[in-house]
Structures are given as C-alpha cells and as structure tokens.
Peer 1: 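After the structure tokens below, expect a handful of questions from me.
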2 protein chains.
Amino acid sequence: MDTDSVLKLDNQLCFAVYACSREFTKLYHPLLKELGLTYTQYITLLVLWEEDRMSVKKLGERLYLDSGTLTPLLKKLENMGLLTRVRDKQDERSVIIALTEQGARLKERAIEIPEKLFCQAGISPKEAEALRAQITDMLKKVQKLPL
Amino acid sequence: MDTDSVLKLDNQLCFAVYACSREFTKLYHPLLKELGLTYTQYITLLVLWEEDRMSVKKLGERLYLDSGTLTPLLKKLENMGLLTRVRDKQDERSVIIALTEQGARLKERAIEIPEKLFCQAGISPKEAEALRAQITDMLKKVQKLPL
DNA sequence: GGCTATTAAATTGTATACAATCTATTTGCT
DNA sequence: AGCAAATAGATTGTATACAATTTAATAGCC
C-alpha cells in the first residue's frame with residue numbers, strides 16, 4: 001500500500017473497529033433501555049453474573065477499564081440497588097463489589113438480549129464466533145504492548 | 001451455545017470489538033500527542049485530507065458521528081487553526097468544513113503514524129487488511145438495520 | 001405564493017473514557 | 001519497628017458519544 005493509501009480512512013483497521021463498536025452499542029441501546037441499563041453497566045453486570053464478589057481492580061482487568069471510569073459507574077449501580085460496594089476487611093485498599101438480590105435477578109431478563117441481537121443483525125453465531133476469536137487475538141496483542 | 005454461555009463476557013463479539021477499539025485508541029495516543037490531536041480529531045482530518053471542503057453532514061456520514069459530537073470537535077479544530085467552518089451560500093442549513101494551510105500541512109507529519117502502529121502492534125499488513133474487511137462487512141450489516 | 005414536512009446544525013443533558021494526580025493502605029526491606 | 005516503594009481507589013480535568021430537542025432554512029405540495 002502506498003504512503004497515501006495508508007492514511008485513507010477506509011483502509012484503517014482501527015477505524016473499522018471503532019465505528020463498529022459504536023454501531024453495536026447503538027444496537028444494544030433499545031434492548032438495554034428496557035432493563036434500565038447502559039452498555040457499560042450491562043457488561044459490568046455480565047462479569048458479576050459470572051463471578052460475584054470481586055474487587056474493583058479485578059473488574060477493571062476483565063473490562064479493560066480503570067477506576068476513573070468504574071468508580072462513578074459502580075456508585076450509580078449501587079444507587080440503583082443492583083450491587084454493594086464494601087471495603088475489603090483483609091485489605092482496606094480494595095473495594096469488593098457484590099450483587100444484591102435485585103442485581104442477581106436481573107440476569108433472567110438479560111438472557112434474551114444476545115439472541116435478539118444476532119437475529120436483528122443477521123450475523124450467524126458461527127461467523128460471529130470466528131470473528132470474535134480473531135478480534136480477541138488482536139486485543140491481546142495490542143494490550144500487551146510495553147508502553 | 002447454551003443460555004448461560006451467551007451471557008459470558010468472553011463469548012461476546014460486541015465486547016471484543018469494544019475493548020479492542022479502546023486499546024487501539026490508547027496505542028494511538030502517544031503518537032497523536034506529538035501532533036497535538038486526539039483520535040477523533042485525527043480521523044476527522046483523515047477524511048478532510050482525502051477530500052477537502054465537506055459539509056458537517058457528509059463528514060458525519062463518513063465518521064458515523066452526529067452533529068452533537070462533531071460541532072464541538074470542529075469548533076475546537078477551528079480554534080486550533082486547522083480548519084474553517086463557513087455556512088454554505090447555496091444552502092444556509094449546511095456548514096462547509098475546509099482545511100487551512102496549517103491543517104493541510106499536518107498531513108505530512110501524520111503519514112508515519114499507521115506504519116509505526118503496525119510495527120508496534122506486531123500485526124502484519126496482510127492480516128490487518130483481512131480483518132478490516134471482515135469488520136467493515138459487519139459494520140455495514142449492523143449499520144443498515146432499520147431501527 | 002403560502003403552508004407543511006423535511007433537513008442540517010446546534011444545543012442540552014447524561015454517561016462514559018482516560019490521563020494525571022491524590023490519598024490511604026499495605027508490602028518489602030533493613 | 002520504621003520507612004520507602006508499591007498498590008487500590010477516588011478525584012480532577014478534558015474529550016468524546018449520543019439521545020432528544022430546538023432553531024433556522026429549504027423543499028414539496030396545493
């Protein structure tokens with residue numbers, strides 16, 4: 001590719017990923033609205049539905065988000081009555097996030113979302129999985145870089 | 001995939017794309033900082049370097065961004081002296097964005113960025129292009145959906 | 001021509017993201 | 001024990017994103 005082509009927006013992998021991410025989020029929006037959640041709040045709960053009781057630090061590692069994003073987000077979910085934030089007695093530096101009854105129950109209603117989305121988007125589960133694996137590979141590659 | 005697996009974060013295509021997008025942007029950050037640009041400002045200029053003089057509307061279609069995001073961003077780039085915002089005489093509803101001398105010149109320095117990135121990330125141009133094509137396909141699919 | 005619908009930007013309000021910094025706690029070392 | 005370095009969250013400041021609404025201008029229709 002010549003020097004001019006590499007600067008073309010349509011040739012840039014990063015832009016494709018960036019635009020795709022935002023369009024995907026828009027697709028989630030109406031479905032999540034029914035649950036009263038934003039996308040970031042939703043993926044935070046996904047992690048907790050898999051494994052309840054987790055430090056902010058570990059949550060951040062799973063979501064690739066730092067405390068600057070998570071702290072206000074978790075405070076909001078706490079105010080909504082979906083989780084609790086409690087200092088770890090063993091290590092007072094950490095804060096343990098745990099689902100409330102209500103937060104745990106919300107999982108039932110969230111189950112339908114992934115399927116609805118695939119149907120809407122017309123993406124087959126097989127090709128979705130193939131693409132997800134490739135993107136995850138790249139994510140690991142990009143994330144591991146020494147800054 | 002069973003009902004529980006679809007809710008697992010690591011199985012979700014959307015999350016992979018979302019996390020990858022943010023990690024990619026972080027990779028750009030130090031390189032763009034040298035030019036005094038953010039990622040969104042950079043891709044806006046990419047479009048204008050390809051085709052100068054364009055309405056906010058058209059710019060938004062290329063970038064998948066709306067006026068709510070673009071208006072403040074373009075005002076900032078205007079203040080930085082990189083572009084001008086002028087009402088279209090033919091259609092006073094539109095605003096035409098045009099590069100200044102300085103904005104056009106910045107392209108020279110931006111040329112190096114894509115190559116530096118690929119080297120850093122250890123992604124071969126060939127696999128990047130293959131992945132970009134797949135993601136763009138999905139983007140089109142997701143974006144065309146009737147809301 | 002005159003009125004309604006549509007369109008393009010701008011504005012408003014809410015929710016992220018993240019770099020950089022700060023605070024409190026704990027670890028590791030002597 | 002005592003202290004420097006490291007760690008986990010919280011805070012601050014800046015820059016997006018985007019839904020929803022508003023404003024101004026144009027297009028379409030009678």
Side-chain angles (χ1 to χ4, degrees), chain A residues 15 18-34 36-44 54-80 84-97 143 147, chain B residues 15 17-33 36-45 54-80 85-97 143 147:
Chain A
F15 175 71
Y18 162 78
C20 195
S21 170
R22 289 184 294 112
E23 290 302 316
F24 245 132
T25 305
K26 283 183 205 167
L27 213 59
Y28 272 92
H29 189 260
L31 300 173
L32 290 174
K33 201 173 181 180
E34 293 177 33
L37 296 174
T38 63
Y39 181 70
T40 317
Q41 291 166 0
Y42 167 69
I43 57 174
T44 302
M54 186 181 293
S55 69
V56 173
K57 160 91 170 163
K58 195 171 171 192
L59 207 47
E61 280 168 5
R62 295 282 278 123
L63 297 169
Y64 298 84
L65 290 170
D66 67 6
S67 67
T69 303
L70 282 176
T71 297
L73 184 137
L74 292 168
K75 281 183 180 172
K76 168 143 279 197
L77 289 172
E78 185 184 36
N79 284 332
M80 292 163 69
T84 59
R85 298 163 59 245
V86 181
R87 284 278 162 191
D88 187 346
K89 288 293 173 210
Q90 266 67 52
D91 184 343
E92 294 269 3
R93 288 172 303 183
S94 292
V95 168
I96 302 295
I97 306 300
Q143 192 242 338
L147 300 182
Chain B
F15 175 72
V17 174
Y18 161 79
C20 195
S21 170
R22 288 184 295 110
E23 290 302 316
F24 246 132
T25 305
K26 283 182 206 166
L27 214 58
Y28 272 91
H29 189 260
L31 298 174
L32 289 175
K33 201 172 181 181
L37 297 174
T38 64
Y39 181 71
T40 317
Q41 291 166 0
Y42 167 69
I43 57 174
T44 301
L45 291 176
M54 187 181 295
S55 69
V56 173
K57 161 90 171 164
K58 195 171 171 191
L59 207 45
E61 281 168 2
R62 295 282 277 126
L63 297 169
Y64 298 85
L65 290 171
D66 67 7
S67 67
T69 302
L70 282 177
T71 297
L73 184 138
L74 292 169
K75 281 181 180 173
K76 168 144 282 199
L77 289 173
E78 185 184 34
N79 284 332
M80 291 163 71
R85 297 162 61 244
V86 181
R87 285 279 163 190
D88 187 346
K89 288 293 171 210
Q90 267 67 53
D91 184 343
E92 293 271 0
R93 289 172 304 182
S94 292
V95 167
I96 302 295
I97 306 300
Q143 192 242 341
L147 301 181

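A note on names: the letters A, B, ... follow the listed sequences, proteins ahead of strands, and every chain is numbered from 1. These numbers come from the heavy atoms of this one structure, side chains and all, not from hydrogens, waters or symmetry mates.
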Peer 1: So if I take every side-chain heavy atom of A/Lys26 and compare against D/dT16, C/dT7, D/dA19, which nucleotide ends up nearest?
Peer 2: D/dA19
Peer 1: Look at B/Thr40 and D/dT16 and indicate whether a side-chain polar atom (N or O) is within less than 4.0 Å of OP1 or OP2.
Peer 2: yes
Peer 1: Using the ring pair (Phe, Tyr, Trp, His ring centres under 6.0 Å) rule, pick out the option among A/Tyr28, A/Tyr39, A/Phe24 that qualifies with B/Tyr18.
Peer 2: A/Tyr39
Peer 1: Between atom CD1 in B/Ile96 and atom C1' in C/dA9, what is the gap in whole Å?
Peer 2: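 So the CD1-C1' distance, B/Ile96 to C/dA9, works out to 12 Å.
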Peer 1: Does a nitrogen or oxygen in the side chain of B/Thr25 sit under 4.0 Å from OP1 or OP2 of C/dA17?
Peer 2: no
Peer 1: Looking at B/Lys57, I'd like to know whether one of its side-chain N or O atoms comes within less than 4.0 Å of OP1 or OP2 on C/dT7.
Peer 2: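 No, B/Lys57 has no side-chain N/O under 4.0 Å of OP1/OP2 on C/dT7.
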Peer 1: Between B/Thr71 and C/dA10, does any side-chain N or O lie under 4.0 Å from OP1 or OP2?
Peer 2: yes
Peer 1: Is A/Thr25 close to A/Thr38 at the side-chain level, that is, under 4.5 Å between some pair of heavy atoms?
Peer 2: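 When only atoms from C-beta onward are counted, A/Thr25 and A/Thr38 do not touch, as no gap falls below 4.5 Å.
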Peer 1: To the nearest angstrom, how far is A/Arg87 atom CZ from D/dT7 atom C1'?
Peer 2: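 Between C1' of D/dT7 and CZ of A/Arg87: 12 Å.
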Peer 1: Between B/Arg87 and B/Ile96 (side chain of the first, backbone of the second, donor and acceptor by atom type, cut-off under 3.5 Å), is there such a pair?
Peer 2: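 Flag not set: sc B/Arg87 to bb B/Ile96 has no pair under 3.5 Å.
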Peer 1: Side-chain N or O of B/Tyr39 versus OP1/OP2 of C/dA17: is the shortest distance under 4.0 Å?
Peer 2: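 For B/Tyr39, the contact criterion (side-chain N or O under 4.0 Å from OP1 or OP2 of C/dA17) is not met.
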Peer 1: In whole angstrom, give the distance that lies between atom CG of A/Leu70 and atom P of D/dA10.
Peer 2: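 Going from A/Leu70 (CG) to D/dA10 (P), I get 9 Å.
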Peer 1: Indicate whether OP1 or OP2 belonging to D/dA17 is found under 4.0 Å from a side-chain N or O atom of A/Tyr18.
Peer 2: yes
Peer 1: Between B/Ser94 and C/dA9, does any side-chain N or O lie under 4.0 Å from OP1 or OP2?
Peer 2: yes
Peer 1: Find the distance B/Asp88:CG to C/dA9:P and express it as a whole number of Å.
Peer 2: 9 Å
Peer 1: Could you pick out which residue, A/Thr69 or A/Arg93, lies toward the 5' side of DNA chain D when each is mapped onto its nearest nucleotide?
Peer 2: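 In this pair, the answer is A/Arg93.
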Peer 1: Whole angstrom is fine here: how far is it from CD in A/Glu61 over to P in D/dT7?
Peer 2: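 Between P of D/dT7 and CD of A/Glu61: 12 Å.
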Peer 1: Under 4.0 Å between a side-chain N or O of A/Lys75 and OP1 or OP2 of C/dT16?
Peer 2: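 Indeed not, no polar side-chain atom of A/Lys75 lies that close.
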Peer 1: Respond yes when some side-chain nitrogen or oxygen of A/Thr38 is under 4.0 Å from OP1 or OP2 of C/dT16, and no when none is.
Peer 2: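 It does, given that an N or O in the side chain of A/Thr38 lies less than 4.0 Å from OP1 or OP2 of C/dT16.
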Peer 1: In terms of ring plane angle, is the pair A/Phe15 and B/Tyr64 parallel, tilted or perpendicular, where the classes change at 30° and 60°?
Peer 2: tilted
Peer 1: On DNA chain C, does the nearest nucleotide to A/Tyr64 precede the nearest nucleotide to B/Val56 from the 5' side, or the other way round? Give the residue.
Peer 2: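 Going by which nucleotide is closer to the 5' end, it is B/Val56.
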Peer 1: Could you state the atom-to-atom distance from CZ of B/Arg22 to C1' of D/dT16 in whole Å?
Peer 2: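 Value for this atom pair: 13 Å.
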Peer 1: Closer than 4.0 Å, any side-chain N/O of B/Gln41 to the OP1 or OP2 of D/dT16?
Peer 2: yes
Peer 1: Might you point out which heavy atoms bring A/Pro72 and A/Ser67 nearest each other, and give the distance in Å?
Peer 2: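 Shortest heavy-atom separation between A/Pro72 and A/Ser67 comes out as CD-O, 3.9 Å.
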Peer 1: Check this one for me: any side-chain N or O of A/Arg85 less than 4.0 Å away from OP1 or OP2 of D/dG9?
Peer 2: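 No, outside the criterion.
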Peer 1: Of B/Asp91 and A/Glu23, whose closest DNA chain D nucleotide lies nearer the 5' terminus?
Peer 2: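 Going by which nucleotide is closer to the 5' end, it is A/Glu23.
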Peer 1: Roughly how many Å is it from NZ in A/Lys76 to C1' in C/dT14, rounded to a whole number?
Peer 2: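 Distance check: A/Lys76 NZ to C/dT14 C1' gives 7 Å.
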Peer 1: Using only modelled atom types and a 3.5 angstrom limit, is any donor from either the side chain of A/Ser67 or the base of D/dA10 paired with an acceptor on the other?
Peer 2: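 Side chain to base: pair present.
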Peer 1: B/Lys33 side chain N/O closer than 4.0 Å to the phosphate oxygens (OP1, OP2) of D/dT14?
Peer 2: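 So the side-chain polar atoms of B/Lys33 never come under 4.0 Å of the phosphate oxygens OP1 or OP2 of D/dT14.
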Peer 1: Take the protein atom NE2 of A/His29 and the nucleotide atom C1' of D/dA20, then report the distance between them rounded to whole Å.
Peer 2: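 The answer, rounded to whole Å, is 10 Å.
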Peer 1: Which atom names give the shortest non-hydrogen contact between B/Leu73 and B/Thr44, and what distance separates them?
Peer 2: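 Distance-wise, the nearest heavy atoms are CD2-OG1, 3.4 Å.
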